[in-house]
Number of protein chains: 2
Amino acid sequence: MERDQQPGGRPGRRPTLADVAAASGVSRALASIVMRGAEGAGEATRERVLETARQLGYRPDSRARLLRSSRTRLLGITFTVSEPFHGEIVESIYAAAEAAGFEVLLSAVGAQRPEARAVETLLDAGVEAALMISPSSGPADLAALARQVPVISLLSAAVPGIDAVRSDDAAGIRAAVQHLAALGHRDIAHVDGGDAVASAERRAAYEESMREAGIGECIRILHGGAHEADGIAAAGELLAGRRPTAVVAFNDRCALGILEAAWRTGLRVPDDLSVVGYDDSQLARLDHVRLTSVSQDAAGLAEAAVACAAARIRSEEPDGLVLQPALVVRSTTGTPPD
Amino acid sequence: MERDQQPGGRPGRRPTLADVAAASGVSRALASIVMRGAEGAGEATRERVLETARQLGYRPDSRARLLRSSRTRLLGITFTVSEPFHGEIVESIYAAAEAAGFEVLLSAVGAQRPEARAVETLLDAGVEAALMISPSSGPADLAALARQVPVISLLSAAVPGIDAVRSDDAAGIRAAVQHLAALGHRDIAHVDGGDAVASAERRAAYEESMREAGIGECIRILHGGAHEADGIAAAGELLAGRRPTAVVAFNDRCALGILEAAWRTGLRVPDDLSVVGYDDSQLARLDHVRLTSVSQDAAGLAEAAVACAAARIRSEEPDGLVLQPALVVRSTTGTPPD
DNA sequence: GTGAAAGCGCTAACAT
DNA sequence: ATGTTAGCGCTTTCAC
């Protein structure tokens with residue numbers, strides 16, 4: 001299979017569109033039409049060109065394509081490389097973008113690499129929109145950015161002028177409480193997120209859904225936080241004295257802390273205590289954890305974000321920016337003791 | 001700060017090098033020289049051009065630059081988005097690449113997106129080398145790829161014709177055993193990785209370092225695996241009957257399974273049992289785990305990989321492809337009981 | 001249906 | 001030290 005040197009081709013170089021055109025006896029323009037599947041080429045020609053392209057091992061040069069075409073069909077993503085959930089969304093964005101006819105350009109944010117830099121890279125590469133997962137830039141910076149290109153933020157609260165795709169936190173908490181109530185729980189406590197951003201909203205949703213379930217008098221909120229240690233600390237107070245039969249935690253890491261504390265205390269989960277997390281992270285799915293958790297639906301968020309970007313690029317108004325989370329029931333919830 | 005319309009500039013468009021050149025009264029070529037810091041421009045001119053560029057908000061268009069220059073100074077990375085350790089390496093690669101004067105292009109591999117596709121994207125974008133983190137492609141595919149561009153694999157065993165940057169597994173295991181032996185442990189068991197790739201090498205290293213430490217008669221190997229469940233299963237056997245005082249696990253997830261089992265059994269770690277993991281993953285660093293683990297030194301691997309790529313691009317032979325891992329001592333190891 | 005010509009924004013020889 | 005001249009590989013009118 002020696003084909004490093006096609007007839008007329010220059011040695012050692014990647015074949016170009018011109019090579020394909022020459023080899024199949026058409027003009028570059030026509031070859032271009034065929035390669036990108038545009039209309040304006042006869043069936044016979046199309047087949048012939050495609051066949052030579054294949055034989056030559058031709059692949060379009062994305063740099064040249066991007067440079068020339070006004071529509072780059074390129075979607076830029078900023079994400080934090082150390083956030084597992086960002087990874088899930090990124091993966092789903094690839095699928096959604098492909099379906100919508102877009103290419104994806106990734107730009108990681110990290111300790112070494114501020115978000116501003118990550119975004120600049122995307123802009124310089126000619127993306128038509130920037131999807132920013134949990135953007136850390138301030139509203140002013142985002143607004144400035146949004147003047148250059150449509151910006152869609154994921155997982156963050158709305159900022160004026162920026163489309164925000166996120167999931168309905170209140171609905172997620174409600175689903176958790178309703179699930180527990182349906183199992184027969186009445187003593188359902190909430191370990192909140194402390195100072196974390198979404199904490200207040202989730203706390204309010206907990207109170208409201210407890211009342212909706214007719215067990216408003218059982219409301220019990222403990223100060224928690226976003227990490228395992230917070231869950232462990234809260235569990236100390238929670239498991240001493242009158243113990244609830246179920247806990248809704250601020251997030252999975254907090255829930256994991258509660259689980260750890262419960263296990264060490266000798267409590268059986270879910271027989272003695274049911275625990276629900278939030279995020280449906282990798283942690284929740286670990287074989288030995290199998291935590292019931294509220295899933296933010298990475299695929300749904302990704303699709304909505306891509307659809308939103310596509311709409312903005314077409315200068316249309318997007319919609320469907322708020323996704324409904326779903327409760328994923330695993331092994332940490334069951335009927336209450338007795 | 002209205003500067004959407006600079007004099008002579010076209011409305012709503014990003015300023016180009018031509019705009020900068022015109023506005024500062026020099027030729028495009030000279031402006032180009034200044035912008036990329038090449039030599040051949042007077043100090044005064046340089047300042048003036050730079051100043052107008054700043055005023056205009058000019059940023060070079062990377063597509064055009066990439067297209068034109070033979071040296072794209074672009075490094076392509078394939079990584080798996082769901083692997084936390086890959087993320088760490090990616091972050092370090094950014095830093096290393098910048099120091100070496102390279103840009104980084106990320107291409108994610110996932111369930112939706114096979115590695116072959118991820119690599120093609122990189123090639124089409126004109127990368128000068130491909131760094132593949134834990135490549136999943138077969139030797140034949142890798143070899144074919146390596147004929148087009150230098151390929152450096154990270155974290156994987158060497159393949160003929162491909163440079164492999166990895167860490168010295170045997171040394172890592174040895175460090176773990178020596179650490180435990182130094183603490184006074186003699187009964188050090190090993191829960192291996194089952195069928196996992198690196199399992200055999202680590203198992204052999206365990207045996208050898210046990211003998212080196214003069215406790216060859218205490219060698220005890222249990223069948224494990226790469227996941228929590230494997231650790232839990234192995235722990236069942238391990239903790240019944242004559243219990244070792246310490247365990248070296250195949251990796252962090254396996255170690256976590258052992259920890260869980262120990263906690264549930266009521267054992268105190270490290271008072272009753274010391275546990276060492278491998279990978280120094282996020283899991284190991286969780287507040288409530290604080291697992292002593294062998295760190296693969298993401299930064300070192302990243303630097304070595306970038307240096308290797310740079311060498312290959314210059315048609316030189318790389319070296320320093322095998323990194324020494326380091327033991328990170330946390331809270332799961334201590335002196336043996338009694 | 002097909003081809004000729006004109007660039008996209010930039011860099012790199014080659015003049016001056 | 002500065003400017004001129006060609007393109008990189010591709011897409012996109014616009015003729016035929």
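The sequence lines fix the lettering, A, B, ..., with proteins before strands; numbering per chain opens at 1.
Applying the salt bridge (Lys or Arg N to Asp or Glu O under 4.0 Å) test to Glu39(B) and every residue at least two apart in sequence or in another chain returns nothing. Partners of Gln112(A) by side-chain contact (heavy atoms from CB on, under 4.5 Å), not counting sequence neighbours, listed by chain and number: Glu91(B), Ala95(B). Contacts of Glu317(B) classified as salt bridge (Lys or Arg N to Asp or Glu O under 4.0 Å), with partners at least two apart in sequence or in another chain: Arg312(B).
What separates OH of Tyr58(A) from C1' of dG9(D) is a distance of 8 Å, to the nearest Å. Counting to the nearest Å, the C1' atom of dG9(D) and the CG atom of Leu66(B) are 13 Å from each other. Regarding Asp19(A), its CG atom lies at a distance of 11 Å from the P atom of dC8(D), rounded to whole Å. Separating the CZ atom of Arg14(A) from the P atom of dG9(D) is a distance of 10 Å, rounded to the nearest angstrom. Spacing between atom CG of Leu17(A) and atom P of dC8(C) amounts to 19 Å, rounded to whole angstrom units. Atom P of nucleotide dA4(C) and atom CD1 of Ile33(A) are separated by 13 Å, given to the nearest angstrom. We find that CG of Asp61(A) is positioned 18 Å from P of dG7(D), with the value rounded to whole Å. Whole-Å rounding puts the Arg73(A) CZ to dT11(D) P distance at 14 Å.
When only modelled atom types and interatomic distance are considered, Arg113(B) and Thr78(B) share no side-chain donor-acceptor pair under 3.5 Å. There is a side-chain donor-acceptor pair under 3.5 Å between Arg36(B) and Ser32(B).
Between the OG atom in Ser107(A) and the OH atom in Tyr94(B) there is a gap of 4.5 Å [rounded to 0.5 Å].
Between dG3(D) and Ser27(B), a contact under 4.0 Å exists linking OP1 or OP2 to a side-chain N or O. For the pair Thr45(A) and dT2(C), the criterion of a side-chain N or O lying under 4.0 Å from OP1 or OP2 is met.
At a threshold of 4.5 Å between non-hydrogen side-chain atoms, the residues Leu154(B) and Ile89(B) count as touching.
Near DNA chain D, defined here as any heavy-atom distance below 4.0 Å, there are no residues from residues 97-104 of chain A.
With Glu103(A) as the fixed residue, the side-chain contact (heavy atoms from CB on, under 4.5 Å) test singles out one of Val127(A), Leu75(A), Leu74(A): Leu74(A).
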Please list, pair by pair, any protein nitrogen or oxygen found under 3.5 Å from a nitrogen or oxygen in nucleotides 12-16 of chain C.
| residue | atom | partner | partner atom | Å |
| --- | --- | --- | --- | --- |
| dA12(C) | OP2 | Arg36(B) | NH1 | 3.2 |

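Taking the side chain of Arg65(A) as heavy atoms from C-beta on, and the options dT11(D), dT2(C), dG9(D), the nearest nucleotide is dT11(D).
Within 4.0 Å (heavy atoms only), Gly42(B) reaches sugar-phosphate atoms of the nucleic acid but no base atom.
For residues 114-125 of chain A, the salt bridge (charged side-chain N to carboxylate O under 4.0 Å, His left out) pairs, not counting sequence neighbours, are Arg117(A)-Glu98(B), Glu120(A)-Arg59(B), Asp124(A)-Arg14(B), Asp124(A)-Arg59(B).
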